[in-house]
Amino acid sequence: MTNPANAPTLIEKTFDPAEHEARRYADWEANGCFRPARPDAEPITIVITPPNDTGSLHIGHALDNTLQDILIRWRRLQGRDARWVVGTDHAGIATQMVVERQLAEAGAPSRTAMGREAFVEKVWAWKAESGSTITGQLRRLGASCDWANERFTMDDGLNAAVTKVFVQLFKDGLLYRDKRLVNWDPKLGTAISDLEVEYREIDGHMWHFRYPLEDGSGFLAVATTRPETILGDGAVAVNPDDPRYAHLVGKRCRLPLVDRLIPIIADSYVEADFGSGAVKITAAHDFNDFEVYKRHPEANIPVINLMNPDATMADTCPPAYRGLTREAARQKVVADFDALGLLEKVEPHRHQVPYGDRSGVVIEPYLTDQWYVDAATLAGPALAAVRDGRTRFVPASWDKTYFNWLDNIQPWCVSRQLWWGHRIPAWYGPSLTEDGFLNYNLSDYSKNKMFVAENYEEALIEAIAYYRNMNSEILLVENPFVSMNSNLNPDVLSGKIKSQIHIWRDTDVLDTWFSSALWPFATLGWPEQTDDFACHYPGDVLVTGFDIIFFWVARMMMQGLHFTGEVPFHTVYCHGLVRDAKGQKMSKSKGNTVDPLTLIDRYGADALRFTMTAMETQGRDIKLDEKRIEGYRNFATKLWNAARFAQSNGISGGGPETAPEAQHPINRWIIGEVGAMVTACDAALEGFRFDGYADALYSFTWNIFCDWYLELTKPLLADGGDAALAEETRSVAGWALDRMLVALHPVMPFITEELWHKLASRDHDLILAAWPDAAAIVRDEAAKAEVDWLIGLVSEVRSARTELNVPPSARLGYATEGASAVTLERLAANAPAIERLARIAPLSEPANTGGRLQLVVGEAVFVLPLEGVIDLAAERARLEKARSAAEKERESLAGRLASPGFVERAKPEAIEKARADHDARAGEADRLAAALARLG
RNA sequence: GGGCGCGUAGCUCAGUGGUAGAGCACUGUGUUGACAUCGCAGGGGUCGCAGGUUCAAUCCCUGCCGCGCCCACCA
């Protein structure tokens with residue numbers, strides 16, 4: 001697109017990122033640059049890790065999205081149809097909690113008081129209000145997402161996909177209702193999955209209680225960390241091989257407080273040498289106990305659910321405990337045992353306690369009906385895909401984590417007792433009894449007839465078929481568990497009235513990760529067979545934190561393979577966590593979080609991005625020190641000033657993409673160096689070595705382009721010089737600068753775009769420029785050898801001058817000894833540069849003896865007379881140091897060459913190189929020795 | 001109890017079977033018209049410890065020590 005506003009303008013003296021970042025981003029987005037029309041281009045697709053829609057950008061997002069943006073921008077510059085699929089996640093629990101808290105703070109009616117419909121409306125309102133915060137912040141970071149196709153996990157398309165998947169899994173027998181123990185969060189009043197439970201080690205107690213034996217012959221001591229669950233004990237278990245208790249197995253004991261007789265059973269789960277060796281079995285409140293219960297049907301162990309959903313004690317407890325919190329119940333049980341003289345002892349005990357990762361309260365194993373996905377079956381293909389390499393992890397070691405989890409995967413509980421999310425597409429109605437009555441089962445949700453369908457109309461069709469003989473009207477009502485009194489005629493419920501059949505929808509919503517798992521294909525239009533889907537699925541690489549391999553990556557693999565038959569992405573790049581400068585995990589409670597937006601304000605988005613990139617080494621967390629960001633802000637300033645210098649010397653961008661024809665070695669050299677830099681960038685990015693990419697850019701820009709090339713061009717551009725050479729230099733410098741900007745653009749998009757326009761009148765933005773083809777850039781080895789020699793000479797002179805305290809401004813003369821014809825030619829050709837950078841010039845007369853600075857550079861010795869100025873002792877020390885270094889190295893090489901094993905077994909090239917190095921070092925040492933001798 | 005990762009210059013980290021690197025910090029020095037958010041130069045490491053393989057080990061193998069993370073049902 002033509003943009004007259006982009007005509008070259010003077011580069012300001014001060015670099016101010018805030019001045020242009022927002023403007024540049026708006027331009028890109030307005031001009032459709034993030035996804036230009038490229039009908040024939042090869043697609044490449046990355047899906048964003050959808051952030052919480054109502055959240056805000058934290059430093060982890062900054063890392064994650066910088067890396068993705070680099071890959072996308074690099075591919076876009078290569079001409080690919082690079083699509084970064086973007087969108088946000090509805091984040092069920094998190095969002096519902098936020099809105100509930102806001103209602104509470106505002107003194108508004110609570111969620112339950114206002115009812116489901118009104119509450120869900122409130123959440124949508126909150127989304128409308130704050131949903132653009134994070135997407136705006138991603139823009140500030142510079143993320144070049146395909147915003148034109150932004151998605152949301154609860155938009156119509158995703159909703160359709162979720163429903164489709166749910167119904168299909170159900171039909172495939174891979175999704176089912178089951179009554180079993182779940183991790184119950186009493187604060188949130190919902191089940192959560194295994195992954196949402198975090199175990200914390202706490203200093204608790206182990207209580208030892210005595211249970212009287214039925215026959216009065218004594219007591220059996222049990223140990224527990226959870227006395228309140230005693231009220232639900234159904235058995236006591238001992239190890240079958242434990243001689244202490246062998247005679248008790250099969251007998252019964254009396255459960256105090258409850259006064260219930262419970263069996264004593266043997267199960268190898270019990271460890272004889274832990275606690276008392278006897279374990280109380282509370283099947284409804286402990287996962288292990290539930291397994292024991294299932295293994296011992298003969299014992300008729302009762303399963304007693306002791307608690308209400310909020311973890312207060314239920315009516316299944318003895319009256320004295322009902323309504324107590326579980327904490328109060330624990331105290332009372334202990335006190336009551338003590339009063340009965342049945343508390344044997346209590347000892348401190350450090351143990352793991354499950355907490356809800358969102359609510360922070362202790363999780364209760366709880367017996368409920370929930371929906372489960374048969375994850376073990378879906379895991380098979382997901383495991384195979386990584387085992388056979390269709391998807392690979394980078395770094396590769398993460399595949400072990402993935403395998404280990406999937407190999408041991410448990411059924412995935414996907415229902416949540418929440419209101420914000422995808423409501424489960426299952427409808428229930430009364431079951432038909434054999435004698436033709438309607439049976440509404442209100443005490444056991446699962447005993448009713450269930451219709452799973454993609455929408456109510458289809459469920460209704462199924463219902464009509466099921467109830468076809470009833471001749472009744474079918475009516476949709478709210479859940480009878482909640483509102484039956486208002487909605488349902490008791491006579492209807494009892495089946496007395498057959499003219500109406502009430503059906504109701506499942507009240508639960510799905511785990512947020514259920515929809516996230518569909519993200520790579522549902523965002524592309526699936527289940528419709530869209531062009532987008534055909535073109536952009538499977539994706540290329542997924543970039544994400546290792547912490548959500550289980551939550552998200554594994555589940556995308558499972559669902560992707562099941563529903564599309566293909567892996568959702570070929571590579572999973574896992575980066576680490578961003579920690580503070582001391583290596584501490586950032587957390588709000590610790591107060592050590594850093595806000596990426598503040599950093600952007602302070603240093604610019606480019607500096608933050610470059611920092612993240614440079615520090616992203618595979619397999620390591622990032623310790624973020626603000627000093628690093630400052631350093632890369634300085635790097636941006638350096639780049640800015642280099643461009644400003646170029647501009648002031650008549651160097652501009654906008655020339656052809658192919659390198660200009662150049663004669664001068666310095667220009668031929670820099671062209672080759674650009675090629676080497678691009679090669680290094682390509683290799684780094686292809687291998688996901690973000691640090692390597694940053695290194696290649698940094699060292700080229702600063703140490704090669706600025707420190708040497710620009711300095712070396714100064715004499716070439718000087719007034720009164722060779723006009724043709726100056727022109728060649730301007731065009732090469734402009735070309736090199738342009739390529740440098742393009743190579744830097746993926747990581748520093750803002751400053752590079754800004755300079756791109758300031759340096760030339762362009763008909764296109766840099767974001768759509770062409771990435772250089774490294775292979776097409778000529779590397780002139782002779783030019784490289786010459787400039788390397790030149791750099792070596794200048795460095796040598798500078799170093800010697802400093803060490804001998806020669807005043808920086810002093811110009812010295814030099815003569816050479818033993819210089820080859822090539823060296824003499826080079827000296828002549830580069831005289832102006834040498835004079836400028838090293839402050840030395842050839843002597844018109846031969847060097848006399850006496851005080852002299854002597855430098856060995858290659859085969860030549862440079863002699864710089866310094867009569868009267870030189871500190872002879874210092875010069876002697878300097879030469880001796882250089883000589884001994886060369887000699888030491890020569891000896892090491894000689895040793896290697898003298899070793900029979902080396903000569904016989906090392907590669908011929910290695911031997912050849914060792915010989916050459918040895919000879920070079922020997923020559924250098926000799927020349928230095930001679931120089932020392934001359935010094936006297 | 002399993003699994004993974006880390007231990008290289010004061011700090012943060014790269015790296016390679018054959019002379020140890022970067023950034024920052026530090027020291028000295030410099031206003032040579034791009035840049036003091038800078039230039040130039042310099043000091044600084046027995047590459048955690050001990051064995052083994054090898055002509056050669058910081059790199060490969062084994063063990064140990066220290067640190068971190070993940071998974072796991074010890075009531």
Side-chain angles (χ1 to χ4, degrees), chain A residues 11 13-15 199 206-207 222-226 229 237 269-271 273-282 286-292 349 351-352 395 397-398 400-401 403-405 408 546-547 549-550 576-577 581 583 585 603 607 614-615 617 619-625 627-628 630-649 689 691-692 694-695 698-699 703 706-707 710-711 714 794-795 798-803 805 807-809 836-837 839 885-886 888-890 892-893 895-896 898-906 910 913-914 917 921:
Chain A
I11 297 172
K13 184 162 170 56
T14 321
F15 163 57
Y199 286 86
M206 177 83 87
W207 286 271
V222 300
T224 182
T225 55
R226 302 198 55 202
T229 64
Y269 149 68
V270 180
E271 307 258 343
D273 54 3
F274 186 84
S276 66
V279 180
K280 59 191 276 311
I281 300 299
T282 318
D286 185 285
F287 288 96
N288 294 309
D289 293 3
F290 193 68
E291 294 304 310
V292 173
H349 182 63
H351 60 121
Q352 303 246 319
S397 56
W398 287 114
K400 290 196 185 65
T401 305
F403 291 146
N404 183 53
W405 189 67
N408 299 296
F546 64 81
D547 49 324
I549 289 177
F550 303 148
L577 247 49
K585 209 166 167 173
Y603 303 102
M615 298 185 80
T617 61
R620 215 187 250 266
D621 287 347
I622 289 178
K623 290 181 195 168
L624 184 64
D625 188 339
K627 294 220 69 150
R628 283 296 284 269
E630 195 182 315
Y632 292 121
R633 189 270 324 269
N634 295 353
F635 174 66
T637 307
K638 185 80 181 175
L639 175 66
W640 183 268
N641 282 314
R644 200 161 67 90
F645 166 77
Q647 188 176 60
S648 69
N649 280 278
R689 288 309 308 250
D691 58 335
D695 271 0
Y698 189 95
S699 60
N703 304 124
C706 293
D707 287 351
L710 289 185
E711 293 304 326
K714 284 174 182 172
V794 170
S795 300
R798 284 171 170 175
S799 176
R801 291 177 61 122
T802 303
E803 281 184 50
N805 286 316
S809 52
R836 183 184 179 93
L837 300 181
R839 304 235 141 206
K888 196 178 150 202
E889 203 171 316
R890 189 201 62 77
S892 157
L893 288 159
R896 196 186 309 165
S899 153
F902 178 72
V903 183
E904 284 159 25
R905 297 178 216 188
K913 180 166 189 321
D917 286 354
R921 290 299 162 205

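Lettering of chains follows the sequences in order, A, B, ..., and the numbering in each one begins at 1.
Y632(A) comes within 4.0 angstrom of no nucleic acid atom, judged by non-hydrogen atoms across all strands. F274(A) comes within 4.0 angstrom of a base, heavy atoms only. Across all strands shown, R689(A) has heavy atoms under 4.0 Å from sugar-phosphate atoms exclusively, and none from any base. No engagement by V222(A) is indicated, since no non-hydrogen atom pair under 4.0 Å with the nucleic acid exists.
Checked against C24(B), G15(B), A72(B), the side chain of Q352(A) finds its nearest nucleotide in A72(B).
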### Message
For Watson-Crick and G-U wobble pairs within 3.5 Å on both distances, what is RNA chain B written in dot-bracket notation, | included for inter-strand pairing?
### Response
(((((((..((((....[..)))).(((((.......))))).....(((((..]....))))))))))))....

Listed pairs, N/O of protein and of nucleotides 3-13 of chain B, under 3.5 Å:
from: C6(B); atom 1: O3'; to: R620(A); atom 2: NH2; distance (Å): 3.0
from: G7(B); atom 1: OP1; to: R620(A); atom 2: NH2; distance (Å): 3.1
from: C13(B); atom 1: O3'; to: R620(A); atom 2: NE; distance (Å): 3.1

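Qualifying salt bridge (Lys or Arg N to Asp or Glu O under 4.0 Å) partners for D621(A), counting only residues two or more places apart in sequence or in other chains: R579(A). Looking at residues two or more places apart in sequence or on another chain, you find no salt bridge (Lys or Arg N to Asp or Glu O under 4.0 Å) involving D625(A).
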Can you list, pair by pair, the side-chain donor-acceptor contacts under 3.5 Å of residues 632-646 of chain A, counting residues two or more places apart and other chains?
from: Y632(A); atom 1: OH; to: R628(A); atom 2: NH2; distance (Å): 3.1
from: T637(A); atom 1: OG1; to: R633(A); atom 2: O; distance (Å): 3.0
from: W640(A); atom 1: NE1; to: E12(A); atom 2: O; distance (Å): 2.8
from: N641(A); atom 1: ND2; to: T637(A); atom 2: O; distance (Å): 3.1

### Task
Summarise how protein sits on nucleotides 34-44 of chain B as a single string, 5' to 3': B when a protein heavy atom is under 4.0 Å from the base, S for sugar-phosphate-only contact, - for no contact.
BB-BSSSSSS-

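Across the protein-nucleic acid pair, N703(A) atom CG and A22(B) atom C1' stand 9 Å apart, rounded to whole Å.
Within the 4.0 Å cut-off from OP1 or OP2 of A75(B), at least one side-chain nitrogen or oxygen of H349(A) is found.
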